Engineer: 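Let me begin by handing over the structure; questions about it come next.
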Amino acid sequence: MTKNLSGKVAVVTGAGRVQGIGAGIARGLAAAGAQVVVSDVSVADDHMPQEKIGTQTEIQQILNEIIEAGGEAIALPCDVRDEDQVQQLIAAAVEQFGRVDILVNNAGIGYLMKPMIEVEKDEWQTVLDVNLMGAFLCTKHAVKQMMSQGDGGRIINIASQGAKSGFPHLPAYIASKHGMIGLTRSNAVELGSEKITVNAICPNHITTDLGAEQNEYFAKFMGKSVQQYLDDMAARIPMGRPGLVTDIANAAVFLSSDDSYYITGEAMNVSGGEEMH
Ligand SMILES: NC(=O)c1ccc[n+]([C@@H]2O[C@H](COP(=O)([O-])OP(=O)(O)OC[C@H]3O[C@@H](n4cnc5c(N)ncnc54)[C@H](O)[C@@H]3O)[C@@H](O)[C@H]2O)c1
């Protein structure tokens, strides 16, 4: 990895789970030379139980890994649904590192899996609030900071294959991720004059903690073992395997770099060829 992000400051939301995509992106950005804010929600609630959010131990482990590899990172808590917390996150990042150049909207919940007719209104709302409104709020406050700096910036939205195709039993998730592409496009048009690029990354499947839960649910739904479910998935993916956290991190590092200056409003598939539109 070249150190092409030296001097840049990145904020990654929902980055507090060791196996998670956010942590992988934080590691990748730090390895490329960025100073990184590893952020995650710190308080569990009914729809976000403790075992599904990053713990203090995990966050410390992620920081240690980055620092031991020669990178620079701090941890800051933030529930992306809460505008005051989002504002404080950006302010604290600036206080610590002096600026914000890159925002990765990675925080998301995807474990609400049930038939559409069983989804309660408050469950729907929680998913939309975290996955879509959270990305909007973080973008709003990061962009204010980037505009005050006057030299552009990078917004990267972690959407999904489910932002382009339908999947059963995930209505709120799929709707929120399709919405993320709309947000990406709208902001890309609006912010081009500020030299701020806005892009989405659409992973297919990665066995993170969330991914493992989805494997179990959908294997059962299809009447397969988890192994059979994963083998069948690998067989239909042109590149022959599900995604890895590092596949997404590499894409995020590229979209954060000067090399991607002329790319904005894109929803980039990182799916081994499984998703092509
Ligand atoms: N794993 C996959 O197969 C896959 C595929 C496509 C897209 N994605 C997306 O990638 C992102 C990361 O997913 P992951 O698989 O690493 O899952 P994960 O559950 O490991 O990570 C999600 C993170 O979001 C955090 N979070 C939840 N609610 C939050 C809130 N209100 N405020 C701040 N943080 C909050 C959690 O604490 C956790 O750290 C998600 O947006 C997900 O939708 C994942």
Side-chain angles (χ1 to χ4, degrees), residues 11-27 37-56 58-59 61-62 75-83 85-86 89 104-113 125-138 156-165 167 170 172-181 200-218 230 233 237 241-249 251-252 267-272 274-275:
V11 175
V12 187
T13 67
R17 296 185 95 180
V18 170
Q19 313 283 349
I21 292 173
I25 292 171
R27 290 185 200 102
V37 174
V38 174
S39 184
D40 207 349
V41 63
S42 59
V43 182
D45 66 21
D46 285 355
H47 289 304
M48 252 178 312
Q50 189 59 53
E51 70 273 14
K52 296 185 197 287
I53 66 176
T55 62
Q56 285 310 312
E58 284 190 281
I59 291 168
Q61 186 180 330
I62 295 160
L76 293 172
C78 178
D79 184 332
V80 297
R81 297 171 296 178
D82 181 330
E83 188 160 13
Q85 289 190 35
V86 169
L89 170 66
V104 183
N105 285 310
N106 170 75
I109 52 178
Y111 54 79
L112 179 71
M113 291 164 279
Q125 195 59 53
T126 302
V127 175
L128 268 289
D129 283 353
V130 176
N131 295 7
L132 187 53
M133 185 181 72
F136 160 67
L137 291 175
C138 292
I156 299 168
N157 294 323
I158 306 305
S160 172
Q161 180 179 28
K164 297 188 173 180
S165 294
F167 293 86
L170 285 165
Y173 183 81
I174 302 295
S176 70
K177 294 296 184 179
H178 274 69
M180 241 186 169
I181 294 193
I201 295 175
C202 299
N204 56 339
H205 178 77
I206 299 170
T207 301
T208 58
D209 296 302
L210 164 65
E213 205 170 329
Q214 292 180 341
N215 294 343
E216 279 189 27
Y217 180 90
F218 286 109
L230 287 170
M233 184 190 293
I237 296 172
R241 64 161 173 80
L244 301 173
V245 159
T246 47
D247 296 321
I248 310 308
M268 180 200 270
N269 299 316
V270 181
S271 72
E274 189 181 15
E275 190 73 41

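Remember, predicted model here, so these are calculated numbers, not experimental data. Residue numbers count from 1 along this sequence. Both ligands and their constituent atoms are indexed starting at 1 by order of listing.
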Engineer: So, regarding Q214 and ligand 1 (criterion: nitrogen or oxygen to nitrogen or oxygen, under 3.5 Å), is there a contact or not?
Structural biologist: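 Such a contact does not occur with ligand 1.
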Engineer: Just to be sure I read this right, does ligand 1 sit under 4.0 Å from the backbone of K177, its side chain, both, or neither, counting only heavy atoms?
Structural biologist: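 Side chain only.
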Engineer: Taking only heavy atoms of A107, which atoms of ligand 1 are found under 4.0 Å from at least one of them?
Structural biologist: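 Contacts of ligand 1 toward A107, numbered from 1: 24 (O), 33 (C), 34 (N), 35 (C), 41 (O).
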Engineer: Examine ligand 1 and decide if any of its atoms is less than 4.0 Å from a heavy atom belonging to G110.
Structural biologist: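 So G110 does not count as touching ligand 1.
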Engineer: Counting both backbone and side chain atoms, is some N or O of I206 under 3.5 Å from an N or O of ligand 1?
Structural biologist: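 Yes.
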Engineer: Non-hydrogen atoms of N204 versus ligand 1: any pair closer than 4.0 Å?
Structural biologist: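 N204: in contact with ligand 1 (<4.0 Å).
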Engineer: Does an N or O anywhere in V80 fall below 3.5 Å from an N or O of ligand 1?
Structural biologist: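 Such a contact does occur with ligand 1.
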Engineer: Are the side chains of V245 and Q19 in contact, using a 4.5 Å heavy-atom criterion?
Structural biologist: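 Of all side-chain heavy-atom pairs linking V245 with Q19, none is under 4.5 Å.
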Engineer: What part of D79, side chain, backbone, both or neither, has a heavy atom within less than 4.0 angstrom of ligand 1?
Structural biologist: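 It is both parts that get close, each with some atom under 4.0 Å.
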Engineer: Under 4.0 Å from a heavy atom of H205: which atoms of ligand 1 are those, numbered in the order shown and with their elements?
Structural biologist: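 Reading through ligand 1 atom by atom, the close ones are 3 (O).
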Engineer: Heavy atom of G54 under 4.0 Å from ligand 1?
Structural biologist: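 Contact check G54 vs ligand 1: positive.
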Engineer: Below 3.5 Å, N or O to N or O, backbone or side chain included: is there any such pair between Y173 and ligand 1?
Structural biologist: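 Yes.
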Engineer: Taking non-hydrogen atoms only, is C202 closer than 4.0 angstrom to ligand 1 via side chain, backbone, both or neither?
Structural biologist: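 Under 4.0 Å from ligand 1, C202 contributes no heavy atoms.
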Engineer: Please compare G24, G108, A135, S271 and report which has the shortest non-hydrogen distance to atom 24 (O) of ligand 1.
Structural biologist: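 Comparing heavy atoms across G24, G108, A135, S271, the nearest one to atom 24 (O) of ligand 1 lies in G108.
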Engineer: Distance under 4.0 Å to a non-hydrogen atom of I109: what atoms of ligand 1 satisfy this?
Structural biologist: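 With I109 as reference, the close atoms of ligand 1 come out as 27 (C), 28 (N).
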Engineer: Please work out whether any backbone atom (N, CA, C, O) or any side-chain heavy atom from C-beta onward of C78 is under 4.0 Å from ligand 1, and answer side chain, backbone, both or neither.
Structural biologist: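 Contact part for C78 vs ligand 1: backbone (N, CA, C, O).
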Engineer: Which part of N106 is near ligand 1, with near meaning a heavy atom under 4.0 Å away: side chain, backbone, both or neither?
Structural biologist: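 Both backbone and side chain.
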Engineer: For ligand 1, is there an atom lying under 4.0 Å from some heavy atom of T13?
Structural biologist: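 Contact absent.
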Engineer: Within a distance under 4.0 Å of any heavy atom of R81, pick out the atoms of ligand 1 and give their elements.
Structural biologist: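 Near R81, meaning under 4.0 Å from one of its heavy atoms, ligand 1 has 31 (N).
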Engineer: Would you call I181 and K164 a side-chain contact if the rule is heavy atoms closer than 4.5 Å?
Structural biologist: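 Heavy-atom side-chain distance check passes, below 4.5 Å.
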Engineer: Under 3.5 Å, N or O to N or O, is G22 touching ligand 1 that way?
Structural biologist: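 N/O-N/O distance below 3.5 Å does not exist for this pair.
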Engineer: If we only count N/O pairs under 3.5 Å, is M48 in contact with ligand 1?
Structural biologist: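 No, since none of the N or O atoms of M48 sits under 3.5 Å from an N or O of ligand 1.
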Engineer: Measuring from the heavy atoms of A23, does anything fall under 4.0 Å of ligand 1?
Structural biologist: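 Contact check A23 vs ligand 1: negative.
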